[in-house]
Amino acid sequence: MVSTAFVFVLLLITLCGSGAAYWQLLLCQRRVRILNSHRVAAHSAIQRSRMDLLEVRNRARLLEDSVSSGASAVEKLHKAISNTTFGLIDLFSKDEQFRKTARKARTTHDETSQQIYRTVRTTNKALHILADTLIIGKAEKRIASRKRGTKPGDDSQ
């Protein structure tokens, strides 16, 4: 009887120990889930800032390409109109002096329009570089400062 009671007490102690171990397991699993959710949230914030930076870069590139393509399209249309106009003047003009003047005007017109469209493209590239330096560079510095652990507005470096 004493041995039965002793075995019963040992079983009860083992059961209590197993229950405590299971309770600790549940608490640890809960803490691991919380820790993983914080890790995922931090990773998501980093990934979001990277994606925001990529989006800004892609928008800037798209804007530059759009302006450049638009300028090329307008230039081609402008050339077609001026070629048609000056060609008709050359074809239907009866006065040779007027033809020479029109050819000279055409040469001046073509050179001037080429310079203007070249200037538009150069200005577009310069604005893209400026925006890249100011906006994207600032965003990259902000992200880099977060990685180093400094505050975004802190310039004490």
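Model, not experiment: these values are computed from the prediction. By convention here, the first residue in the shown sequence is residue 1.
Atoms CD and NZ, from E96 and K100 in turn, are 6.0 Å apart once rounded to the nearest 0.5 Å. S3 contributes atom OG, which lies 11.0 Å from atom CG of L10 (distance to the nearest 0.5 angstrom). L12 contributes atom CG, which lies 5.5 Å from atom CZ of F8 (distance to the nearest 0.5 angstrom).
For the residue pair R33/N36, the side-chain donor-acceptor check at 3.5 Å is not satisfied. Residues S72 and R121 have side chains that bring a donor and an acceptor to within less than 3.5 angstrom of each other.
Proximity of a side-chain donor or acceptor of S68 to a complementary backbone N or O of E64 within less than 3.5 Å is not detected. Under a 3.5 Å cut-off, the side chain of S113 and the backbone N or O of D110 do form a donor-acceptor pair. S37 places a side-chain N or O within 3.5 Å of a backbone atom of I34 that can act as its donor or acceptor partner.
Contact of the N58 side chain with the R61 side chain is registered, since non-hydrogen atoms from C-beta on lie closer than 4.5 Å.
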CA sep, side-chain torsions, deciding dist, call: E55, R59, salt bridge (Lys or Arg N to Asp or Glu O under 4.0 Å): CA-CA 6 Å; E55 184 178 349; R59 284 183 181 188; 2.6 Å; yes
Chi angles and distances behind the side-chain contact (heavy atoms from CB on, under 4.5 Å) call for E75, R118: CA-CA 10 Å; E75 181 181 20; R118 194 177 316 121; over 6 Å; no
Verdict with supporting geometry, Q29 and V32, side-chain contact (heavy atoms from CB on, under 4.5 Å): CA-CA 5 Å; Q29 285 178 340; V32 166; 5.6 Å; no
